[in-house]
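The structure appears below as structure tokens.
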Amino acid sequence: MDTFNLLLGGFATALTPMNLLFACLGVLLGTAVGVLPGIGPAMAVALLLPLTYNLEPTSALIMFAGIYYGGMYGGSTTSILLNTPGESSTVITAIEGHKMAKAGRAAQALATAAIGSFVAGTIGTALLAAFAPFVVKFAVSLGPSSYLAIMVLGLLTVTAVLGASKLRGFASLGLGLAIGLIGMDPVTGQQRLVFGIPLLTDGLDIVVVAVAIFAVGEALWIAAHLRRNKMSTIPVGQPWMGKQDWKRSWKPWLRGTALGFPFGAMPAGGAEVPTFLSYSIEKKLSKHKDEFGHGAIEGVAGPEAANNASAAGTLTPLLALGLPTNATAAVMLAALVQFGIQPGPLLFQNEPVLVWGLIASLFIGNTLLLVINLPMAPLWAKLLRIPRPYLYAGILFFATLGAYAVNMQAFDLIILLVLGALGFAMRRFGLPVLPLIIGLILGPRLEGQLRKALQLSAGDINGLWNEPVGVAVYAIVALILAWPLLALGWRRFGPRKPLDGGTHPSEAEHAPAPLPK
């Protein structure tokens, strides 16, 4: 009942004219950046960070959440009409959605994606409102050693799961932790990694780093791979669904929601895994298996629902624990830090108006997105005709302007160019960007919890694992680290399946060669 009253208070906050205006602006911007290939919600939020210094924190975060949800919606339009996923989480949508569009069913594909996103987003937000307070109560009872262990687990899982190579993931994390060390030691006052440059004493501004890595690095990377030929889109009328389409879509929407929310809440769970799982489940359960690969509506409905439910799941650890599980959540965490708000379990207690206003705005944003996306689908499709050189030149311009506006110092522009080149190099050599950003944001907080745990134990190393939760989390960390070695040992020394005809591999190696015919 207390949660319900707090949520009602959140609606009172979110429905004020100013916050409602920012919610509308956020969902419009989010849909636009989701539609345009190569521009995701993380880049959009990073670009807008410098422009929100003078806004109320609640209004700014409502707009950022609208951009996040809108980006999930808009990515499906590109996948269906262009066969070019706007987001990595909409790759699966392109498989069946584009085939539906080519078969003259683009309207039905867009409709099931939009309605499924609304259903999943609404249910996911309700689950966020219901479960986040319980996660907070649990987190408040933890000591610094347990919280340190949870942050270590978050850093490890994000780093180990992303990218084609774990080594590259850890290299990216190391870069982020190193950048987070720049500046003055908060306890001793000693300067670290400033190289005699006084302007680095206060450290690098998170906003400048986020804009450089996401916006400048991505723009340079896309610009280096621009194709000269024009991309052709499929014309679309007003989205609609027939009775049979509704019948085939509503169960995949619910199953996709059930998959997406828990995966979004897990460190490094993201939206990619549940969308793939949803697609495979729908393919197995469908009565129209022959349509898969040729435009099955279930293959659009399920993954799109999983995609949007994971967005609500992502906000659960962000608001309850201060742990981001994807790039957009990491930039939103940077926004909290920018406004001087301490993220973590006490956020619900210290900033109830902001938190519940944000959660209530998600319900409003979902409704706005459904109203906007269904009638405006043909208009969003026209955005795909914007010439790419103009688009990315504009991004670089606004990134430079925003970075300079943070502190009004030309030095920040040098940092922007250097880190933008770093972001480009990371994409060139396959280093994932997210571990760097999360390492930069969580590194100082992890250091603070480490020092606090050691201070409470008078320097005794056992103080780092003197709580049951911390011990359990470290056991999971050890299992994750040891898993590749265990898997390798099993493949090498485990029981081997006999080859065809029952011959053991070792016998097959020494078997005589067949006689020539």
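- A donor-acceptor pair shorter than 3.5 Å cannot be found between the side chains of Asn307 and Thr275.
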Audit row: Phe292, Ser286, side chain to side chain contact (heavy atoms under 4.5 Å, CB included) steps and yes/no: CA-CA 9 Å; Phe292 276 81; Ser286 176; 3.4 Å; yes
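- Between Met63 atom CE and Cys24 atom SG the span is 12.5 Å, to the nearest 0.5 Å.
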CA sep, side-chain torsions, deciding dist, call: Leu358, Thr58, side chain to side chain contact (heavy atoms under 4.5 Å, CB included): CA-CA 7 Å; Leu358 175 62; Thr58 304; over 6 Å; no
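- Side-chain N or O atoms of Glu467 include one that pairs as donor or acceptor with a backbone N or O of Gly143 at under 3.5 Å.
- Counting heavy atoms from C-beta on, the side chains of Asp245 and Arg105 come closer than 4.5 Å.
- Atom CD of Glu291 sits in a crowded spot, with more than 12 heavy atoms from other residues, nucleotides or ligands closer than 6.0 Å.
- Counting heavy atoms from C-beta outward, Thr314 and Tyr68 have side chains that approach closer than 4.5 Å.
- One side chain, Glu96 or Tyr279, offers a donor N or O that lies under 3.5 Å from an acceptor on the other.
- Residues Thr52 and Leu55 are in side-chain contact: their nearest non-hydrogen atoms beyond the backbone lie under 4.5 Å apart.
- Between the side chains of Ser146 and Tyr474, no donor-acceptor pair is found at a separation under 3.5 Å.
- By the neighbour-count criterion of 12 heavy atoms within 6.0 Å, atom CZ of Phe131 is sparsely surrounded, having that number or fewer from other residues, nucleotides or ligands.
- Two residues are said to be in side-chain contact when any heavy atoms from C-beta on lie closer than 4.5 Å; Glu298 and Ser249 fail this criterion.
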Full working for side chain to side chain contact (heavy atoms under 4.5 Å, CB included) between Asn308 and Phe118: CA-CA 8 Å; Asn308 282 268; Phe118 169 76; over 6 Å; no
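- No side-chain heavy atom of Ile67 sits less than 4.5 Å from a side-chain heavy atom of Val27.
- The shortest non-hydrogen separation linking Thr257 to Pro262 is O-CD, 4.5 Å.
- Across Ile437 and Ala330, no two heavy atoms sit closer than the pair CG2-CB, 3.7 Å.
- Looking at heavy atoms from C-beta onward, Leu362 lies in side-chain contact with Leu315 at the 4.5 angstrom threshold.
- Side-chain contact check for Phe11 versus Trp356: every heavy-atom pair is 4.5 Å or farther apart.
- Taking each heavy atom of Gly97 and Ala109 in turn, the nearest pair found is O-CB, 4.2 Å.
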Residue pair Gln342, Leu347: steps toward the side chain to side chain contact (heavy atoms under 4.5 Å, CB included) verdict: CA-CA 7 Å; Gln342 179 63 38; Leu347 183 64; over 6 Å; no
